[in-house]
Each structure stands twice: as C-alpha cells, then as structure tokens.
2 protein chains.
Amino acid sequence: MSITDLTFNIDKDSKTPMWLQIRNELFNCLYRDELRPGQLIPNEKTLVELFNVSIGTVRKAVGALEKEGFLIRKQGLGTFVFQHDKSTFHFAYFHFALNGTEDVTYPDVEFISFETKKATKYEAETLNIPSGSNVYQIFNKLGINKKNYIIDRIVISQAKFPMLTEEIFKNRTNTIYNLYQNKFNIFITNCSEKLKAISADKTISSLLNVKLDSPILRIERIGQTYHNETIELRTSFVHTRDIDYVNTQNSTFGDTF
Amino acid sequence: MSITDLTFNIDKDSKTPMWLQIRNELFNCLYRDELRPGQLIPNEKTLVELFNVSIGTVRKAVGALEKEGFLIRKQGLGTFVFQHDKSTFHFAYFHFALNGTEDVTYPDVEFISFETKKATKYEAETLNIPSGSNVYQIFNKLGINKKNYIIDRIVISQAKFPMLTEEIFKNRTNTIYNLYQNKFNIFITNCSEKLKAISADKTISSLLNVKLDSPILRIERIGQTYHNETIELRTSFVHTRDIDYVNTQNSTFGDTF
DNA sequence: AGTGGAAATTCATATATATGATATAATATA
DNA sequence: TATATTATATCATATATATGAATTTCCACT
C-alpha cells in the first residue's frame with residue numbers, strides 16, 4: 001500500500017488550519033508505517049494533488065515536519081523520512097564532551113553483557129509491560145579516546161524484540177537505534193533524561209575503575225516512539241572527572257512559553 | 001532613533017536569500033538595541049515598505065526570528081521583542097522536577113549573600129575579563145515546596161554591572177535575567193550547561209544540610225548575549241535525592257544534523 | 001567505454017493577492 | 001455611566017504563479 005493510493009480528506013472549514021491537518025495526516029503515515037525511515041515521500045506536486053490544496057500549504061505542512069525532524073528535505077532530490085544512522089546519531093543523544101571543550105565526539109562502544117531477566121517493578125511500570133515479564137538487559141561500556149567513562153545499561157521488553165539475540169546485538173554494524181529501526185521496525189523519536197548524582201556501588205566502581213562511593217552521574221533515559229510508547233529504559237553511570245554532560249540551549253527558550 | 005528611520009539594503013542578487021538578509025538585519029537591530037525587549041516592532045506592511053519586498057518574504061524573516069525565540073507574534077496585536085520575565089522564565093532555565101514527576105515547578109529563591117571579590121583565573125577567562133578584576137559573587141538557595149535542594153553561585157563582572165548593589169539585587173521583583181535586562185541593558189539569549197557529579201565539600205554540605213562527601217550534581221552554566229559575549233557564570237550545587245535534572249529532547253535531533 | 005552537456009525532476013525563493021481570526025479602539029445606545 | 005456594537009489594525013491562512021538552484025538522468029559525441 002503506497003501513500004499515493006490513500007485518500008485524504010482535508011476540511012477547509014475546520015478550525016484547525018489545512019496545513020496542520022496535512023501535517024497530521026503525514027505524521028500518521030509515519031506512525032502507521034506507510035512512510036518508512038529513509039523513504040522518499042511524494043514530491044510537492046503529487047502532494048498537492050493528494051491533498052487538493054495549493055503548493056504553499058503543502059510546503060508549510062512538510063516544513064513543520066522538517067522542523068520537528070521527522071522529514072529531511074534535499075533540494076533537487078526530494079524529501080525523505082528521517083532514519084537513525086551513525087551520521088544522525090552523533091549529536092542527537094550523546095551529550096558528553098571532554099573537560100574544557102564543547103566538542104561532543106563519537107564514543108567508543110564496548111559490549112559487556114547480554115542477558116534475559118524478569119523486569120523489576122519499576123522497569124515494568126516504565127516500559128508499560130506486565131510486572132515480572134521478561135526483559136533483555138544489556139550492558140555496554142562507552143569511552144572517549146580509549147578511556148572508559150560510561151556504563152550503559154539497556155532494558156527492553158523481550159516481547160517487543162522477539163528474535164533479538166546477543167549475536168544480533170553484538171554484530172550490528174550501526175547504532176542501537178538503527179538496529180531497532182531496521183530489524184524490529186521500532187522507531188525511537190524522542191527521549192527524556194533524568195539526571196542524579198549518586199555514589200558508586202561495588203558493581204559500578206569496579207566497572208568504571210573508580211573508588212567505592214565515588215560521585216557518579218546517573219542518567220535515566222526513556223526512549224519513546226511517535227506516540228510516546230516507551231520502548232527502552234537506559235541507565236548511564238558516568239564518571240565525570242574528565243568529561244562533562246553538556247546541555248546547550250540556544251536562544252531564549254526552553255520547552256514551551 | 002526609530003527602526004523606521006533606518007534604511008536597509010536588501011541585495012536581490014545575493015546568494016543569501018532575501019528573507020535571510022532581512023532576518024539578519026532585524027537580528028542586528030535587536031543586537032544593537034534599536035529594538036528593545038518587550039517593544040512592538042513595525043507591522044508587516046511597514047516592514048514591507050522598509051525592506052521593499054513582498055509580505056511573504058517579511059513573514060518568513062519574522063517567522064525565523066520567532067522560531068529562534070527572539071520575537072513573539074500575537075495575532076491582532078503585533079509582533080514583540082522577547083523579554084525575560086517570570087512567565088517566560090519558568091521552563092526556560094530551570095530543569096528540576098520532583099522524583100517521579102515531569103513537572104518543572106517554579107522554585108522558591110532565598111538570598112544568602114552578596115560580595116565583591118577578585119575573579120579567579122577560571123572566572124576571568126570564562127567571563128573574558130582581565131585576570132584579577134572585580135566580580136560580584138552572589139549566593140542563593142533554591143528549593144521546591146519549602147525544601148532547599150540547590151545552592152546557586154552567580155559570578156558576574158563588576159564592570160558590566162556598574163551600579164549593582166546587594167540592595168538592588170535583593171529588592172528585585174522579577175527574575176535575575178529580568179534585572180539584567182531592565183536595569184543594566186544586558187540581555188541573556190543563550191545558556192550552556194556542563195554537568196558533573198562531585199562530592200560535597202564542607203561549605204556545600206552545610207549549606208545543603210547533607211553529609212560531607214555526599215554526591216552532588218554540579219552545574220556550570222554560562223549565560224551569553226546575542227553575539228555570545230559571556231555575561232554570567234552560574235554554578236549550581238544540587239542535592240538530587242528528591243529531585244531530578246530533567247532534559248527532554250523531543251523528536252529525533254540534537255543540535256545539528 | 002567514457003565524457004560532456006542538455007534535459008528533467010524536485011525543492012527554494014519570491015511576488016501578488018484575498019480572506020479569516022483576534023485584539024483593541026471608537027462609537028452608539030440604553 | 002455602563003454596555004453593546006462596530007470599525008480598525010494586525011497577524012494567520014490560503015491560493016496562484018514565476019523563476020532559480022541543486023541533483024540526477026539520459027543521450028550524443030568522441
């Protein structure tokens with residue numbers, strides 16, 4: 001089923017602007033997977049016919065989704081659905097820079113372990129799965145310039161990643177979100193992070209090679225899909241002696257006004 | 001000197017689009033203070049005459065500055081220059097939420113101390129002032145629901161805030177950035193934060209009422225103006241037992257692609 | 001087979017114009 | 001005077017259209 005076979009009804013008299021209706025219809029196509037990551041979407045002329053509006057209105061709708069990051073426009077080529085990739089990963093979800101710099105460099109990732117276990121109460125609640133159901137728990141070690149600073153613990157529902165094995169995970173040739181996207185048809189669109197300072201326990205101190213009770217930055221990240229279904233719970237334990245968690249907010253505004 | 005008295009030259013043959021040229025001209029008016037915080041800018045028709053372009057081009061330029069947060073459009077009223085205010089502060093620069101919630105509430109602010117001192121080497125470098133020159137150092141205590149969780153230490157150049165006194169600072173009726181804006185004509189437009197986990201020293205532990213060596217989240221925030229002149233160095237020491245530093249990134253992207 | 005250039009495709013910029021929505025100001029009316 | 005109505009100003013949405021820029025495709029020519 002191609003998107004050009006669908007019919008869309010834009011209500012000219014609705015109180016929501018036509019461009020927003022079109023933006024929402026396109027968004028739903030992304031959500032319903034009628035437009036897949038990396039795919040070329042119909043050109044502007046086709047969209048004009050599909051939605052029966054003028055080209056300016058189509059451009060406003062597509063422009064909105066582009067600003068939101070769901071679409072990528074390329075002059076002379078076409079407009080594409082965003083996809084997770086090494087090139088797009090870079091600054092999107094990795095926030096660390098060496099002391100005194102602002103440069104967020106690509107981390108070295110080293111696999112530690114992959115296991116199946118029962119979800120804790122918190123994990124089950126967060127992932128919105130039955131209490132005690134199976135989850136995969138994966139540990140990674142991340143570093144910069146050959147020095148390890150971060151332990152990543154990933155928890156995902158087994159039910160949502162049915163055929164995932166340690167081999168598949170380890171042998172991926174791209175980012176983890178790219179693996180979710182390409183092998184499991186799960187597309188992470190937004191993340192929320194909560195940071196605390198904690199003391200290193202025995203496990204963390206040995207993994208990060210720091211003293212017991214050293215101050216550690218703990219990041220709980222929740223990765224969600226288009227409609228805020230929580231897919232991944234990722235906890236990072238960071239030794240911040242040599243690196244900083246960097247958060248730059250340009251301009252005058254936060255989330256909303 | 002009103003902006004309507006100025007003449008602007010938009011080069012129709014330039015490789016930079018006309019809308020961007022207009023956006024930049026308007027931005028420079030903000031930067032040069034020809035358009036001041038809170039001020040109503042000329043209406044679209046006037047801008048059309050001023051720049052000698054069509055209304056669509058003007059709207060694209062203004063729209064860009066609106067997205068960047070420098071301008072606020074109000075239908076039926078006009079377009080205004082953004083200003084720092086209690087209402088705009090709320091989510092912009094305060095990132096903390098009580099455990100288990102996502103709600104970033106307005107903090108209680110309690111004044112601790114105000115003093116003049118010589119800048120340390122790091123402070124002088126960061127603020128780009130001569131080593132050893134005078135700075136104000138201000139301590140505040142921030143809390144939520146009557147419980148204090150955060151110690152804020154503000155360092156600003158005395159030279160840039162010539163007549164600032166403890167009284168003026170304490171008696172402000174709005175946010176600190178509003179004080180900078182209205183009394184000192186200094187407008188903070190962007191912030192960059194660097195976070196680390198550290199151990200509470202004697203001072204911090206007593207101020208935050210925690211044990212010595214408790215894990216503390218330290219945030220170094222740099223506040224800058226339109227053209228990235230660093231104005232303020234603010235260090236927050238946060239007891240994160242009951243609160244989280246929250247960082248939500250909607251959509252798929254970080255700073256850039 | 002390889003190269004260069006023209007053509008086609010697609011998004012980007014820009015103009016001109018009309019109508020609608022929203023907030024304020026001015027006016028008329030009770 | 002107080003209230004309701006009308007007018008005005010301003011931004012928002014939408015259409016129609018023309019030209020430009022970037023990229024790929026294709027074809028003629030060597």
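Lettering of chains follows the sequences in order, A, B, ..., and the numbering in each one begins at 1.
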Closest non-hydrogen atom pair between B:Ile231 and B:Ile156, with its separation: O-CG2, 3.6 Å
Distance-minimising heavy-atom pair for A:Asn145 and A:Asp108: N-OD2, 3.6 Å
Separation of D:dT23 C1' from A:Leu77 CG (nearest whole Å): 5 Å
Rounded interatomic separation in angstrom, taking NZ from B:Lys74 and C1' from C:dA21: 17 Å
For atom CD of A:Gln75 and atom P of C:dT10, their distance in whole Å: 13 Å
Parallel, tilted or perpendicular: ring planes of B:Phe187 versus B:His84, cut at 30 and 60 degrees: tilted
Nearest non-hydrogen partners of A:Lys12 and A:Asn52, listed with the distance: NZ-O, 4.0 Å
Heavy-atom side-chain proximity of A:Lys183 to A:Arg172 below 4.5 angstrom: no
Phosphate OP1/OP2 of D:dT10: any B:Arg73 side-chain N/O under 4.0 Å: no
Check: B:Tyr245 ring centre within less than 6.0 Å of B:Phe96 ring centre: yes
Test item: B:Ile222 and B:Thr126 side chains (from C-beta on) under 4.5 Å apart, heavy atoms: yes
Spacing between B:Leu40 atom CG and C:dA23 atom P, to the nearest angstrom: 15 Å
Distance in angstrom units between A:Met18 CE and D:dA12 P, rounded: 18 Å
B:Leu20 CG - C:dT13 P separation (whole Å): 8 Å
Nucleic acid contacts of residues 3-15 of chain B, taken as heavy-atom distances under 4.0 Å to DNA chain D: none
Result of checking A:Tyr177, A:Phe161, A:Phe169 against A:Phe184 for ring-ring contact (aromatic ring centres under 6.0 Å, His included): A:Phe161
Distance in angstrom units between B:Ile22 CD1 and C:dA14 C1', rounded: 10 Å
Nearest heavy-atom neighbours spanning A:Cys29 and A:Ile3: SG-CD1, 3.9 Å
Whole-Å distance separating the CH2 atom of A:Trp19 from the C1' atom of D:dT15: 17 Å
Interface residues of residues 42-62 of chain B with DNA chain D (non-hydrogen, below 4.0 angstrom): B:Asn43, B:Glu44, B:Arg59
